[in-house]
Amino acid sequence: MQITVKGPRFWCQEDEDKFFEWIYSLPNYQSVTGRGLDLIIELNEPVPQSTINQLFVLFKRWELDFNALAPLKNINKSHIAWVNEFFK
């Protein structure tokens, strides 16, 4: 599964390091590549709920657009993020 994200802004090298460290540690992580200002995160399927939970936190912390996570909605339609309408 691919998730395409508009690249985050980092405040310092350590901030960037922590972001990618977290991405690399996700369950089912396969790869991350850049294309222009976008990051493409590839995850092995099936994507477990623990990965989805971590992605929500990661997106919140780095103020990323939650709409990039829409492909994951079919995995758990009752997840708090969908219920609270983070997605517009």
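In what follows, residues are counted from 1 in the order of the sequence shown.
For the side-chain hydrogen bond (donor to acceptor under 3.5 Å, both in side chains) test, residues two or more places apart in sequence or in another chain that qualify with Lys6 are Asp38. Applying the salt bridge (Lys or Arg N to Asp or Glu O under 4.0 Å) test to Asp17 and every residue at least two apart in sequence or in another chain returns nothing. In this structure Gln54 satisfies the side-chain hydrogen bond (donor to acceptor under 3.5 Å, both in side chains) test together with Trp22, sequence neighbours excluded. Legend: residues meeting ring-ring contact (aromatic ring centres under 6.0 Å, His included) with Phe59, ordered by chain and number and at least two apart, are absent.
When the side chains of ILVMFWY residues are joined at heavy-atom separations under 4.5 Å, either directly or via intervening members, Val5 and Phe20 end up in a single hydrophobic cluster. Under a hydrophobic-cluster definition in which Ile, Leu, Val, Met, Phe, Trp and Tyr are linked whenever side-chain heavy atoms come within less than 4.5 Å, directly or via other members, Leu55 and Phe10 are assigned to the same cluster.
The salt bridge (Lys or Arg N to Asp or Glu O under 4.0 Å) pairs that include a residue from residues 23-34 number zero, where partners must be two or more places apart or lie in different chains.
Looking at Glu16 and Trp11, their side chains never come closer than 4.5 Å, going by heavy atoms from C-beta outward.
Glu45 and Met1 get closest at one heavy-atom pair: OE2-N, 3.4 Å. Scanning both residues, Ile3 and Ala68, for their nearest heavy atoms gives CG2-O, 3.4 Å.
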Below 3.5 Å, can you tabulate the donor-acceptor pairs from side chains in residues 27-37 to any protein atom, sequence neighbours excluded?
unit_1 : atom_1 : unit_2 : atom_2 : d
Asn28  : ND2    : Asn44  : O      : 2.9
Asn28  : ND2    : Pro46  : O      : 2.8
Tyr29  : OH     : Val32  : N      : 3.3

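The distance from the CD1 atom of Ile41 to the CD1 atom of Ile23 is 3.5 Å, given to the nearest 0.5 Å. Note that CG of Asp15 and CZ of Arg61 are 10.0 Å apart. Values are rounded to the nearest 0.5 Å. Atoms OG1 and CG, on Thr4 and Asp65 in that order, are 11.5 Å from each other to the nearest 0.5 Å.
Note: Phe19 and Trp62 have perpendicular aromatic rings, judged against thresholds of 30 and 60 degrees for the angle between ring planes.
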